[in-house]
Amino acid sequence: MLKGKTALVTGSTSGIGLGYARALAAEGANITINGFGDAAAIETERTRIEKDFGVRAFYSPADMTKPEEIAEMVRKTEQTFGSLDILINNAGIQFVSPIEEFPIDKWNQIIAINLSAAFHAIRAAVPGMKKRKWGRIISTASAHSLVASPFKAAYVSAKHGIAGLTKTVALELATFGITVNCISPGYVWTPLVEKQIPDTMKARNMTADQVKRDVLLAAQPTKEFVTVEEVAALAVYLCSDAAKAITGANLSIDGGWTAA
Ligand code: NAD
């Protein structure tokens, strides 16, 4: 379905991002992967995408806190593959702390990676998409773009920001064949969720099992984590022609969390 198209997925060395990259490659798209991690492990994932799906994959080490590196990543993708047709803003981090102790540098870092990076990437990618009159821009928001949880001031603020950015850019690009949407997962079992367990244990004085059951899955009526594959399948659908009328939407995939 996506043969001849190029997708750039930020934060795709792990978790949901890697799931998007592999699912889009399975549809024939060439892929730019991005994110941090062990260089050998990233190279293994990059070559696995090429071998498993017969596409080309390029790795950009761009740091999502650095606007000029984001613009350069977009430029290099266009130079390597000839176009950038699908942009997925997905890189994200989390930090859990009561508001009065929330470290200022963590606030700034989360706003930069989880919100401003999407602005910089969209800004750089749109001219090429407009020229070609086709594009798909998808951002990973979160159930936290719709509802809040305590101790996540920066994350919840950034994700609400993603929902607003999505709507604004969707209106601007509506007549150019470019759709702009965000996907809002509930809890997906990835390193990001695993890493916040110790801090939540501390903030709420709970054991790891209590955090999983009483904090994470307490909010999710299905009592099951969403899977990376389910989130990736939604992104693939948004890239299809059948989804060309879906724009400016914030699509929940959260086991019923935000219905409550
Ligand atoms: P993850 O920790 O597995 O992956 C995060 C990715 O972002 C990694 O590839 C990491 O290297 C990259 N990254 C972090 N900082 C970066 C930076 N400065 N520059 C470039 N890359 C950077 O996490 P995940 O759970 O797969 O999260 C992916 C996205 O999904 C995030 O935006 C997150 O907020 C969102 N999300 C996750 C869940 C969940 O339950 N896991 C739920 C809702 C939304």
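As the structure lists them, so they are numbered: ligands from 1, and atoms in each ligand from 1. Values below: all heavy atoms of this structure, side chains included; hydrogens, waters and symmetry mates excluded. The model shown is predicted, which means the values in this text are computed figures rather than measured ones.
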To the closest 0.5 Å, what do you measure between [atom1] ([X]) and [atom2] ([Y])?
| X | Y | atom1 | atom2 | value |
| --- | --- | --- | --- | --- |
| Ile197 | Met201 | CD1 | CE | 8.5 Å |
| Asp63 | Thr65 | CG | OG1 | 3.0 Å |
| Thr13 | Ile42 | OG1 | CD1 | 5.0 Å |

Any sub-3.5 Å donor-acceptor pair from [X]'s side-chain atoms to [Y]'s backbone N or O?
| X | Y | answer |
| --- | --- | --- |
| Gln210 | Asp214 | no |
| His160 | His144 | yes |
| Asn34 | Gly11 | yes |

Legend entry - Proximal ligand 1 atoms for Val193, defined as those under 4.0 Å from one of its heavy atoms: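 Selected atoms, number and element: 39 (C), 40 (O), 41 (N).
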Legend entry - Where ligand 1 meets Asn34 - atom numbers and elements under 4.0 angstrom, heavy-atom basis: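 Taking each heavy atom of Asn34 in turn, ligand 1 has 20 (C), 21 (N) under 4.0 Å.
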Inset, instruction - For Ser184 and Ser145, test the side chains for any donor-to-acceptor distance below 3.5 angstrom and give the result as yes or no. - result: yes
Hey, is ligand 1 close enough to [X] that some N/O pair sits below 3.5 Å?
| X | answer |
| --- | --- |
| Ser14 | yes |
| Gly17 | no |
| Ala143 | no |

Legend entry - Residues Arg75, Glu78: salt bridge by 4.0 Å N-O rule: no
Inset, instruction - Using a strict cut-off of less than 4.0 Å between a Lys/Arg side-chain nitrogen and an Asp/Glu carboxylate oxygen, indicate whether Asp85 and Arg136 qualify as a salt bridge. - result: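 Answer for the salt bridge query: no.
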Under 4.0 Å, counting heavy atoms only: does [X] come that close to any atom of ligand 1?
| X | result |
| --- | --- |
| Trp189 | no |
| Gln94 | no |
| Ala62 | yes |
| Asn114 | no |
| Gly186 | yes |

Taking [atom] as the point of reference, which of [options] owns the nearest heavy atom?
| atom | options | answer |
| --- | --- | --- |
| atom 5 (C) of ligand 1 | Ala91, Gly92, Ser12, Pro191 | Gly92 |
| atom 30 (O) of ligand 1 | Val228, Ile42, Thr140 | Thr140 |
| atom 19 (N) of ligand 1 | Met64, Lys66, Gln196, Glu194 | Met64 |
| atom 29 (C) of ligand 1 | Ile16, Asn90, Val188 | Asn90 |

With backbone taken as N, CA, C and O and side chain as the heavy atoms from C-beta onward, which portion of [X] lies under 4.0 Å from ligand 1: side chain, backbone, both, or neither?
| X | value |
| --- | --- |
| Ala117 | neither |
| Ile113 | side chain |
| His144 | neither |

Legend entry - Nearest-contact summary for atom 36 (N) of ligand 1 - protein heavy atom, Å: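 Protein heavy atom with the smallest distance to atom 36 (N) of ligand 1: Tyr155 OH, 3.5 Å.
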Inset, instruction - May I ask you to check whether Phe151 and Phe102 place their ring centers less than 6.0 Å from one another? - result: no
Inset, instruction - Please say whether the positively charged group of Lys244, taken as NZ for Lys or CZ for Arg, lies over the ring of Trp134, i.e. under 6.0 angstrom from the six-membered ring centre and within 45 degrees of the axis. - result: no
